[in-house]
Amino acid sequence: MKSPICEMLGIAFPLLAFSHCRDVVAAVSRAGGFGVLGATAHSPETLEQELKWIDDHVDGKPYGIDVLIPENISTSGEKDVTWKSLERRITPEHRAFTKSLLKKYGVDLRITEVSADQPQPFDGETALRLLANALGVPPKAMIEMGKAHGVPVAALVGAKEHAIRQVAAGVDILVAQGTEAGGHCGEVSTMVLVPEVIKAVKPMREVPVLAAGGIMTGRQMAGCMAMGAAGVWTGSVWLATTESETSEIFREKMIAASSRDAIRSRGRTGKPARQLRSVWTDAWDRGEDSPGALPMPLQSLISRDAFASIDRSAAAGNAQARDLVSYFVGQGVGLIDSVKSAGAVVQEFKEDFAEAAEHLTMLVSE
């Protein structure tokens, strides 16, 4: 294809696939798309291991890395913040609420011990050792690092104003993510956001814009590119693949879910993040005795061990724990009807895209 993103990234098909699973990343890149590894949960050491594995299994094809560097976080400006120091800020009320909720569903909360010097979640200083796509305006050092190594730096935006700031900061690619998307997202729909962002940044300079949010098929991809997008950034569709990091129980819940079951909640990270509705989200968002979610990154310290315990209990056969099982997923979950390989999903995108393009051509010719 002649999309500028294909030329910039050296790929055949402008389908970018975000995943925390290295197998998905490698499979998508081998199939002609562009896999992007979510690296937020990794240390520099474990990330190096993951990247070596991908290098060995991607057949020389390109791929990317994504990190989360929030501009607005409760620990902004603080130095030497560790996981341990943050744990002391969690109130007894929040701990008791979490333990009580899990106990009600027969889940034993296990606390994972961390080293005294483990950085806080979403630590910007750690992320700067990586080169990746960023949430919020990337630090100047990240953009300079990218230019020095000839690696494009992309940034996620959820509003026109964010896009203008990113282009002014020097990013190479914009990902215009609508509210339909899984994980952290804004309130503007993809259909509105994509053309709005393209129009806003065009007078500044030529920057490829990728559409994101609820995109699960090649027909949707064709629609976004008809609006002017250079390609698409996808995430939720890969959760229902055989290579994905998600559990079998969560995959079953995705297939059974409708688009309305993907709700925005602060109960997992402290910031609005779209995820599959569960007893957990209901309790934190609407429970009469809920203490309310803590600000990012404190809520993540609570939810990490809680969800590890939930998944463990559900996998062991606790039927009640299934009601608590959840994960980040977008409204496109309503389009998931089966589990397939990542390579098969790429192929379906290509076929659907071609059919949609042919359909548009027929409409014009008539």
Side-chain angles (χ1 to χ4, degrees), residues 13-21 23-28 30-36 38 177-183 185 189-191 211-226 231-265 273-281 307 310-311 314-315 319 321-360:
F13 189 58
L15 172 65
L16 279 74
F18 169 84
S19 176
H20 289 105
C21 179
D23 300 81
V24 172
V25 172
V28 172
R30 285 198 307 268
F34 189 84
V36 182
Q177 179 184 269
T179 191
E180 300 94 325
C185 59
S189 73
T190 305
M191 180 67 76
I215 301 169
M216 313 290 283
T217 70
R219 287 186 175 274
Q220 290 173 292
M221 178 181 180
C224 290
M225 295 183 71
V232 295
W233 174 282
T234 56
S236 297
V237 68
W238 310 105
L239 298 177
T241 60
T242 53
E243 298 94 337
S244 171
E245 76 278 11
T246 55
S247 68
E248 182 178 347
I249 292 173
F250 182 72
R251 292 175 194 170
E252 292 173 358
K253 294 186 75 169
M254 280 194 294
I255 291 172
S258 74
S259 57
R260 297 179 67 181
D261 292 319
I263 54 98
R264 294 172 82 231
S265 170
R274 194 172 294 283
Q275 55 212 273
L276 197 65
R277 182 179 179 181
S278 69
V279 169
W280 174 276
T281 58
F307 276 101
I310 290 166
D311 290 341
R322 293 176 66 99
D323 293 337
L324 287 159
V325 171
S326 180
Y327 197 57
F328 302 108
V329 69
Q331 291 180 325
V333 69
L335 293 172
I336 294 174
D337 57 12
S338 62
V339 176
K340 307 165 186 173
S341 71
V345 172
V346 175
Q347 186 60 32
E348 284 191 3
F349 259 87
K350 291 179 179 179
E351 293 172 358
D352 287 350
F353 183 93
E355 289 178 4
E358 183 179 354
H359 176 67
L360 288 174

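All values derive from a computational prediction rather than experimental measurement. Computed from heavy atoms alone, side chains included, the values below leave out hydrogens, waters and symmetry copies.
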Checklist entry - Hey, are the side chains of I215 and V237 touching, using non-hydrogen atoms and a 4.5 Å cut-off? => result no
Checklist entry - How long is the span from the CZ atom in F250 to the OG atom in S244, to the nearest 0.5 Å? => result 8.5 Å
Item to check | Distance (rounded to the nearest 0.5 Å) between R251 CZ and T242 OG1 | outcome: 7.0 Å
Item to check | Steps toward side chain to side chain contact (heavy atoms under 4.5 Å, CB included) verdict (S19, E245) | outcome: CA-CA 8 Å; S19 176; E245 76 278 11; 3.9 Å; yes
Checklist entry - Where is the tightest heavy-atom contact between T241 and V24, given as atom of each residue plus distance? => result OG1-CG2, 3.7 Å
Checklist outcome for this item: Scanning both residues in full, the closest heavy-atom pair of S258 with V333 reads O-CG1, 3.5 Å
Item to check | Taking every non-hydrogen atom, the tightest pair across G330 and S236 | outcome: N-OG, 2.8 Å
Item to check | Test log, rule side chain to side chain contact (heavy atoms under 4.5 Å, CB included), inputs I255 and V339 | outcome: CA-CA 8 Å; I255 291 172; V339 176; 4.1 Å; yes
Next on the checklist: Under the criterion side chain to side chain donor-acceptor pair (under 3.5 Å), I'd like the reasoning laid out for T179 against R274: C-alpha separation, chi angles, the key distance, then a yes or no.
Outcome noted: CA-CA 8 Å; T179 191; R274 194 172 294 283; 3.1 Å; yes
Item to check | Nearest non-hydrogen partners of M254 and I336, listed with the distance | outcome: SD-CD1, 3.9 Å
Checklist outcome for this item: In terms of heavy-atom contacts, M225 and F353 come closest through SD-CE1, 3.6 Å
Checklist entry - Any donor and acceptor pair, going by atom type alone, linking the side chain of E243 with main-chain N or O of D23 inside 3.5 Å? => result no
Next on the checklist: Rounded at 0.5 Å granularity, tell me how far CG in L239 sits from NE2 in H20.
Outcome noted: 9.5 Å
Item to check | From M221 atom CE to F13 atom CZ, the distance as rounded to the nearest 0.5 Å | outcome: 3.5 Å
Next on the checklist: Are S278 and L324 packed together at the side-chain level, in the sense that at least one heavy-atom pair is separated by less than 4.5 angstrom?
Outcome noted: no
Next on the checklist: Test your reading of the model: is there a side-chain donor-acceptor pair from T234 to the backbone of A212, 3.5 Å cut-off?
Outcome noted: no
Item to check | Minimum heavy-atom distance between V325 and K253, given as atom pair plus value | outcome: O-NZ, 2.9 Å
Next on the checklist: Tell me if a side-chain donor or acceptor on Q220 pairs with a main-chain N or O of G214 at a distance below 3.5 Å.
Outcome noted: yes
Checklist entry - Side chain of R322, backbone of I249: donor and acceptor closer than 3.5 Å? => result no
Next on the checklist: Are the side chains of V346 and W238 in contact, using a 4.5 Å heavy-atom criterion?
Outcome noted: yes
Item to check | Under 3.5 Å donor-acceptor, E180 side chain and T190 backbone | outcome: yes
